[in-house]
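Protein chains get the first letters and strands the later ones, always in sequence-line order, with residue 1 at the start of each. For the numbers below, each heavy atom of this structure counts, side chains included, while hydrogens, waters and symmetry mates do not.
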Protein chains: 2
Amino acid sequence: MMELSSDQLNQVAHKLQLHGYKLTKQRAMTLEVLVEEDTGYVTAEEIFMKIKRNYSSIGLATVYRTLDLFSELRIVRKFAFNDKSTRFGFRGEESEHSPSHLICKDCGSVEKVNEAWLSELERHVSRELGFQVLDQQLDFIGTYATCHEKKCKRWEERIGG
Amino acid sequence: MMELSSDQLNQVAHKLQLHGYKLTKQRAMTLEVLVEEDTGYVTAEEIFMKIKRNYSSIGLATVYRTLDLFSELRIVRKFAFNDKSTRFGFRGEESEHSPSHLICKDCGSVEKVNEAWLSELERHVSRELGFQVLDQQLDFIGTYATCHEKKCKRWEERIGG
DNA sequence: ATGGGTGCAAACTGTTTGCAAAGCA
DNA sequence: TGCTTTGCAAACAGTTTGCACCCAT
């Protein structure tokens, strides 16, 4: 559990302004929850509920819109675990690296892995965290050069076949 | 595009029987689509549509149920890309290893990475596939020992806080 | 007063479920 | 026959959208 520093807040405010957006109360509160929760990942619903305690008039749609915006501006990471609803996590400076997660098939919890390890990672995970790895998944998110130049053939390809 | 071998079919049939399930026509057809499509990943809807061509009476719910079953028996891998609907891919013998994917932010396509590479992977991906990596994600799917023994505290933890 | 931002409720979309009928062993 | 599996339609859950209002500049 970590607190939102005024430094972090300013940075985000700045980023928003750069792109023509404002740092509203709702956005600040969303950010706060995300930073506090930075060991795990939160769903939109969870954020909504937490904010509601201090600011009961907030709307769920606003939270969704804020999270979309934050994703766009890379303030937040968006994850689709096999766990029904999408989860979001704050992107600290450091965490440009690949985060790894333990996703428990039984309880559905999502825990970040200590970082730095990698090829021996699985062994670590099993020994030190008591987590039996059944499966793993490594994804790269990015863009094909061709897509970026709007010469993207794949749109069509996807449907056909 | 690969064809379903009778060997593969038998193997699956066997696996099903072992667990008390039958290899029905619908299940066989679902398998067929999955194997044919083994370079990428397919959604339930896509499978449904393909089967419908030869077997118009199939129901979407059946496809979902079949995919659940196949996941359970590890015949299939289930992926949640940030791409709205869940995608499924056939698990060949070999592919016990971590599959890596390129997920294009622009066109949404999902492509498997050649395997075997890994730490230099990102460089390869960028140079050889023209894919600019913006982000990556490594997940382990499995279970905590404690969860497996039904002593799982995390259920409660998830709500509270 | 002008434009973005918000809350609400309704719409949407992917997935799940209940049930009666059908299919196998 | 007994037990699984299926198709259909209705139910659900997470997310998105349209719109009138609100707020800050």
Side-chain angles (χ1 to χ4, degrees), chain A residues 12-13 15-31 33 41-73 75-76 78-88 108 110 158-159, chain B residues 12-31 41-73 75-76 78-88 108 110 158-159:
Chain A
V12 168
K15 210 170 206 174
L16 286 169
Q17 278 171 348
L18 271 184
H19 293 264
Y21 301 106
K22 299 167 190 164
L23 179 62
T24 63
K25 185 159 192 183
Q26 291 87 336
R27 286 174 184 168
M29 297 187 87
T30 302
L31 182 65
V33 174
Y41 292 90
V42 234
T43 63
E45 182 79 27
E46 283 163 5
I47 295 174
F48 171 66
M49 295 301 264
K50 287 214 172 169
I51 295 180
K52 215 151 195 221
R53 294 188 199 149
N54 319 326
Y55 191 81
S56 64
S57 74
I58 191 148
L60 179 55
T62 302
V63 175
Y64 274 108
R65 283 186 283 229
T66 300
L67 291 170
D68 272 4
L69 180 59
F70 282 5
S71 291
E72 199 70 27
L73 299 183
I75 291 164
V76 129
K78 186 177 176 180
F79 289 102
F81 302 114
N82 276 359
D83 162 53
K84 196 142 287 197
S85 51
T86 312
R87 303 186 102 89
F88 299 84
V110 177
R158 290 180 72 195
I159 314 298
Chain B
V12 168
H14 184 65
K15 210 171 206 172
L16 286 169
Q17 278 170 347
L18 271 183
H19 294 264
Y21 301 106
K22 298 166 192 167
L23 179 63
T24 63
K25 184 159 192 181
Q26 290 88 335
R27 286 174 185 167
M29 298 188 87
T30 302
L31 183 65
Y41 292 90
V42 233
T43 63
E45 183 80 27
E46 283 163 5
I47 295 174
F48 171 66
M49 296 300 263
K50 288 216 170 165
I51 295 180
K52 218 158 192 213
R53 295 186 198 150
N54 319 326
Y55 191 82
S56 64
S57 73
I58 191 148
L60 180 54
T62 302
V63 174
Y64 274 107
R65 282 186 283 228
T66 300
L67 289 170
D68 272 4
L69 180 60
F70 283 5
S71 290
E72 199 70 27
L73 299 183
I75 290 164
V76 129
K78 185 178 179 182
F79 289 102
F81 302 114
N82 275 0
D83 162 53
K84 196 144 289 200
S85 51
T86 312
R87 303 186 102 87
F88 299 84
V110 177
R158 289 181 74 193
I159 314 298

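- Nucleic acid contact class of B:I58 (heavy atoms, under 4.0 Å, all strands): sugar-phosphate only.
- If you check every strand for non-hydrogen atoms under 4.0 Å, B:Y55 touches sugar and phosphate atoms only.
- Rounded to a whole Å, the CG atom of A:D68 is 14 Å from the C1' atom of C:dG5.
- The CZ atom of A:F79 sits 19 Å away from the C1' atom of D:dT15 (whole-angstrom rounding).
- Residue B:M29 contributes atom CE, which lies 18 Å from atom P of D:dT5 at whole-angstrom precision.
- Nucleotide D:dT6 holds its C1' atom 13 Å from the CG atom of B:L60, rounded to whole Å.
- The separation between B:R27 atom CZ and D:dG7 atom C1' is 14 Å, rounded to whole Å.
- Between B:L31 and B:L23 there is no side-chain heavy-atom pair separated by less than 4.5 Å.
- In the set D:dT6, C:dG7, D:dG7, C:dG7 carries the atom at the smallest distance from any side-chain atom of A:S57.
- Contacts of residues 12-23 of chain B with DNA chain D (heavy atom under 4.0 Å): B:Y21, B:K22.
- For B:T62, no side-chain nitrogen or oxygen approaches OP1 or OP2 of D:dT6 to under 4.0 Å.
- For B:K25 and D:dT4, the NZ to C1' distance is 19 Å, given to the nearest whole Å.
- Residues B:T66 and B:I47 are not in side-chain contact: their nearest non-hydrogen atoms beyond the backbone lie 4.5 Å or more apart.
- Here the shortest heavy-atom pairing between A:R87 and A:Y41 reads NE-O, 3.3 Å.
- Considering only side-chain atoms of A:A61, the nucleotide from D:dT15, D:dG7, C:dC8 that sits closest is C:dC8.
- The distance between atom CD of A:E46 and atom C1' of D:dT15, rounded to the nearest whole Å, is 16 Å.
- Residues B:L69 and B:L16 form a side-chain contact, since some pair of their non-hydrogen atoms from C-beta on lies under 4.5 Å apart.
- Looking only at distances, a side-chain donor or acceptor of B:R27 sits under 3.5 Å from a matching main-chain atom of B:K22.
- Regarding B:I51, its CD1 atom lies at a distance of 13 Å from the C1' atom of D:dT6, rounded to whole Å.
- Which of D:dG14, C:dG14, D:dT17 sits closest to the side chain of A:S85 comes down to D:dG14.
- Counting any heavy atom pair closer than 4.0 Å across all strands shown, B:T86 reaches sugar-phosphate atoms only and no base atom.
- A close approach under 4.0 Å does not occur between any side-chain nitrogen or oxygen of A:R65 and OP1 or OP2 of C:dG5.
- Side-chain proximity of A:Q26 to the nucleotides C:dG7, D:dG7, C:dT15 is greatest for C:dG7.
- Between C:dT15 and B:Y64, a contact under 4.0 Å exists linking OP1 or OP2 to a side-chain N or O.
- At the phosphate of C:dT6, OP1 or OP2 sits under 4.0 Å from a side-chain N or O atom of A:T24.
- What you find for A:K15 and A:I75 is that their closest heavy atoms are CD-CG1, 3.9 Å.
- A distance of 10.0 Å separates CG of B:L60 from CZ of B:R65, quoted to the nearest 0.5 Å.
- Of the two residues contacting DNA chain C, namely A:T66 and B:T43, the nearest-nucleotide position lying further toward the 5' end is that of A:T66.
- Taking all atoms of both residues into account, the shortest heavy-atom contact from A:S85 to A:T43 is OG-CG2, 3.5 Å.
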